[in-house]
Amino acid sequence: MKYWLVKSEPDVWSWDDQCKAKNQTTHWDGVRNAQASNNLKAMSKGDRCLFYHSNKERAVVGIVEVVKEFYPDPGDESGRFGMVDVKAVEPLKNPVTLKQIKAEPAFEQLALVRQPRLSVMPVDAKSFKQIIRMSG
DNA sequence: GCCAACGTTGGC
DNA sequence: GCCAACGTTGGC
């Protein structure tokens, strides 16, 4: 199993919205960046993703699971980009903030820290587990 | 194919 | 709300 982190602006699509969706499942669409799109393509069914709120909150708030692998996004006129389907698994007991992550030297290599503008990124298993541990 | 101009993202 | 970083676009 691989691990990832996906970003969303909570004003646009929040963890709460994800949980209220039918079957807690939705399309992770709207990604219009080549690198992020490549990461979406590399996802496999069953992979877990940290759900991160950008902007005001800046914290990992929950975990989602990939339930459908990459397929074309009909909303993309260029035909270059696609999406995956994700399902809410569970919320973090306590959100893990960007501040906490940046304060931890073990996360220096994390794409979240190194590439602040990337919206879909891989997370190694160790870091994934550590973030879960930090959430309580 | 290069690069300047421009737009967008996201942390602060 | 500002601005730095960076991706994309379009003229040449």
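Each chain gets a letter, A, B and so on, in the order the sequences are listed, and its residues count up from 1. Note that the structure is predicted; figures quoted are calculated from it, not measured. Below, each value reflects all heavy atoms present in this structure, side chains not excepted, and no hydrogens, waters or symmetry copies.
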task: Would you kindly give the CE-to-P distance between A/Met121 and C/dC6, to the nearest whole Å?
output: 13 Å

message: Taking 4.0 Å as the cut-off, does a side-chain nitrogen or oxygen of A/Tyr52 come that near to OP1 or OP2 on B/dG11?
response: yes

Side chain of A/Lys102 - closest among C/dG7, B/dG10, B/dC12: B/dC12

message: So that I know where these two stand, are A/Trp13 and A/Phe51 an aromatic pair - ring centroids less than 6.0 Å apart?
response: no

task: Write down the atom of A/Asp85, the atom of A/Tyr71, and the distance for their closest heavy-atom approach.
output: OD1-OH, 2.5 Å

query: If you find the nucleotide of DNA chain C closest to A/Pro116 and the one closest to A/Lys56, which residue's nucleotide is nearer the 5' end?
result: A/Lys56

field: Nucleotide C/dC6, atom C1' - distance to CZ of A/Arg32 in whole Å
entry: 19 Å

d(CZ, A/Arg80; P, C/dG7) in whole Å: 14 Å

message: Rounding to an integer number of Å, can you tell me how far A/Glu9 CD sits from B/dT8 P?
response: 13 Å

- request: Please answer: with hydrophobic residues joined when any side-chain heavy atoms are less than 4.5 Å apart, are A/Met134 and A/Val113 in the same cluster?
  value: yes

message: What's the closest nucleotide to the side chain of A/Arg117 if the choices are C/dG7, B/dG11, C/dC6?
response: C/dC6

field: Integer-rounded Å distance: C/dT9 P and A/Asn33 CG
entry: 11 Å

- prompt: Could you give the CZ-to-C1' distance, from A/Arg58 to B/dG10, as a whole number of Å?
  reply: 9 Å

statement: Rounded to whole Å, CG of A/Leu118 lies from P of C/dA4 at a distance of 22 Å

- prompt: Tell me: CD1 of A/Ile101 to P of B/dC12, nearest whole Å?
  reply: 12 Å

query: Taking NZ, NE, NH1 and NH2 as the nitrogens, is one of them in A/Lys20 or A/Asp16 under 4.0 Å from a carboxylate oxygen of the other?
result: yes

